[in-house]
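Working notes for the structure below.
Values below: every heavy atom of this structure, side chains too, minus hydrogens, waters and symmetry copies. Sequence lines set the chain letters: A, B, ... in the order given, protein chains first and strands last, and positions in each chain run from 1.
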Protein chains: 2
Amino acid sequence: MDTVAQSSIISATQTAYSALRQMIVTGELRPGEKLKIENLKERLETGASPIREALSLLVSDQLVERLDQRGFRAAPVSHQNFSEILMLRCALEDMALRQSIAHADDAWEETIVLAHHRMARVDPADIPVFEDLHKTFHMAMLANCASPILLRYCSQLYDLNVRYRYLAGRSQNYGSRDVPGEHREILEAAAARNADLASSRLLSHYQQTGEFLRQLSEVPGS
Amino acid sequence: MDTVAQSSIISATQTAYSALRQMIVTGELRPGEKLKIENLKERLETGASPIREALSLLVSDQLVERLDQRGFRAAPVSHQNFSEILMLRCALEDMALRQSIAHADDAWEETIVLAHHRMARVDPADIPVFEDLHKTFHMAMLANCASPILLRYCSQLYDLNVRYRYLAGRSQNYGSRDVPGEHREILEAAAARNADLASSRLLSHYQQTGEFLRQLSEVPGS
DNA sequence: ACAATAATTAATATCGATATTTTAAGGAAG
DNA sequence: CTTCCTTAAAATATCGATATTAATTATTGT
């Protein structure tokens, strides 16, 4: 069969999953777009089975919808959906952050300082690198909450939100906002174990971004 | 190929998904148990592809775990996991119920009254029927919250919790508790649009069940 | 011309077979 | 007797092909 290819250690399904996820989050696959297996087989250079399985995984991440016997499509977007994501993120991350701080120890404090440092030193214009470190930073803040399911939900909602950021167009600068400063202040409050302050800063951070995105025109599905 | 079989309207994947879900929730497939495709092919009388896809869907429901290249297994259980589910359910259902009541209208009120009636009139000893109506009742209370993602999380957590009820053994009666009475009181508070009272009754309902289950011995995985 | 229906095309869902990888077993050496 | 390596068995992951189902186009009758 196929000579080398995905030989290595990682399965074709995982490869397809990561690639498709990336393509949907960045908007390369548009909201509502029909996801044809044949089509994706070529683009990802793999068989139908791994793609089908990857799409099934993405269904539960709410990035893909399965239509009865009519295959898959990228999840559609809407103002309503965006507002819901923002609202839920605030509620769940508030919960996670407070628990995280409640269990704070030196090791965790060092983790978040490091995650912040790594994010702060790269150029935010290098989107893929920055986005990755940005998520790592935010998740590190929550990671100490000892609630894997909650973390999973936060991670899912984070990705759904990032998708809207990409769809709104990444060339936007954030006006008069000092986003790095906001990050630093959230970090400082968390490191100081001040849950109320850290949470209020985090939620404000999200809501400002939410307000900003809300002003941009919605990207229509299909 | 196979003559009749899954002819009808519903796909083999959906059939396998429902069946496997049921088998895991009821404990027919034990926590931590290896889920061998060959094995399941026989039991469900279908091919490997639908089973594989169904298992992928269950992964995101957190009822199944995927191990690198070593297939699937039923999600393990633990006290910690149970506590987390209970905690999250209380937090998320509190949120959903309050929003549901905030949007209350006559149609919703009628829905929950009806759902309660249908649950109340069947014999709780008829487990499959009662469980179905019980979930329908609880979800109907939340359904008015206009937040599909939140509802989905609540539904997931509900199922994860039901699994623990099955694993703890369904023959248990709930001691001195008047569970039907608790349901009625939750319904009444919600119908009266008293969010604080309804929520406090709902959470107490869950926490009592939680305490009860916590006393039973944990079912070991594999 | 237009609706309804029939033929055609395209795409999905599923099967059966195969290559890869993991697990288990069996020896040989230390 | 234990450890490591080799070999055999089992199971997974994936492919290629096919039957089903949905979408599209052509056709016919009014």
Side-chain angles (χ1 to χ4, degrees), chain A residues 1-21 23-24 29-30 32-60 63-76 221-222, chain B residues 1-21 23-24 29-30 32-60 63-76 221-222:
Chain A
M1 59 148 295
D2 197 271
T3 50
V4 61
Q6 69 276 3
S7 51
S8 48
I9 348 103
I10 165 165
S11 71
T13 297
Q14 288 296 334
T15 309
Y17 174 74
S18 302
L20 286 170
R21 180 187 195 88
M23 287 160 76
I24 293 171
L29 296 172
R30 308 297 297 174
E33 180 177 344
K34 185 95 212 304
L35 303 177
K36 298 186 191 153
I37 312 286
E38 278 301 317
N39 201 336
L40 297 173
K41 261 171 58 177
E42 291 176 13
R43 282 173 85 164
L44 302 188
E45 297 180 327
T46 184
S49 308
I51 287 181
R52 195 148 247 289
E53 224 169 295
L55 288 173
S56 292
L57 289 171
L58 287 166
V59 165
S60 312
L63 287 168
V64 166
E65 281 187 0
R66 143 177 266 148
L67 296 89
D68 195 39
Q69 319 269 110
R70 280 175 286 159
F72 302 86
R73 68 169 180 181
S222 71
Chain B
M1 58 148 301
D2 198 271
T3 50
V4 59
Q6 70 277 0
S7 52
S8 50
I9 349 103
I10 164 163
S11 71
T13 297
Q14 289 296 335
T15 309
Y17 173 74
S18 303
L20 286 170
R21 182 186 193 87
M23 286 160 75
I24 293 170
L29 295 171
R30 307 299 297 173
E33 180 177 344
K34 186 96 212 306
L35 303 177
K36 297 186 191 153
I37 312 286
E38 278 300 317
N39 201 337
L40 297 172
K41 261 171 56 178
E42 291 177 14
R43 282 173 84 165
L44 303 188
E45 296 180 325
T46 185
S49 309
I51 287 180
R52 197 149 244 291
E53 225 169 293
L55 288 172
S56 293
L57 290 171
L58 287 166
V59 165
S60 314
L63 287 168
V64 165
E65 281 186 1
R66 143 178 267 148
L67 296 89
D68 196 37
Q69 322 267 112
R70 277 175 288 159
F72 302 86
R73 67 169 179 179
S222 71

Heavy-atom closest pair, residues B/Lys41 and B/Ile51: N-CD1, 3.4 Å
Along DNA chain D (nearest heavy atom to each residue), the more 5'-positioned of B/Leu35 and B/Ser49: B/Leu35
Phosphate OP1/OP2 of D/dC15: any A/Thr46 side-chain N/O under 4.0 Å: yes
Pairwise side-chain contact, B/Arg43 with B/Leu29, heavy-atom cut-off 4.5 Å (strictly under): yes
d(CZ, B/Arg73; C1', C/dT23) in whole Å: 16 Å
Least distance between heavy atoms, A/Phe72 atom then A/Arg66 atom: CZ-NH2, 3.6 Å
Nearest-angstrom distance from the residue atom CD1 of B/Ile51 to C1' of C/dT14: 12 Å
Rounded distance (Å) that lies between atom P of D/dT12 and atom CD of B/Glu53: 17 Å
A/Gln69 CD - C/dT14 P separation (whole Å): 7 Å
Sugar-phosphate only, base, or nothing, as touched by A/Leu55 at under 4.0 Å among non-hydrogen atoms: nothing
Spacing between A/Lys36 atom NZ and D/dT24 atom P, to the nearest angstrom: 9 Å
Nucleotide nearest B/Lys34 (side chain, heavy atoms from C-beta), chosen from C/dT12, D/dT12, D/dC15: D/dT12
Between CG on residue B/Leu67 and CD on residue B/Glu65, distance to nearest 0.5 Å: 6.5 Å
Touch class at under 4.0 angstrom, heavy-atom based, for A/Lys41 against every strand present: nothing
Presence of B/Thr13 side-chain N/O under 4.0 Å of C/dT14 phosphate oxygens OP1/OP2: yes
Beyond-backbone contact of A/Leu58 with A/Arg21, side-chain heavy atoms, under 4.5 angstrom: yes
Spacing between B/Gln14 atom CD and D/dT20 atom C1', to the nearest angstrom: 17 Å
Whole-Å gap separating P (C/dT20) and CZ (B/Arg70): 20 Å
Whole-Å distance separating the CG atom of B/Asp68 from the C1' atom of C/dT22: 10 Å
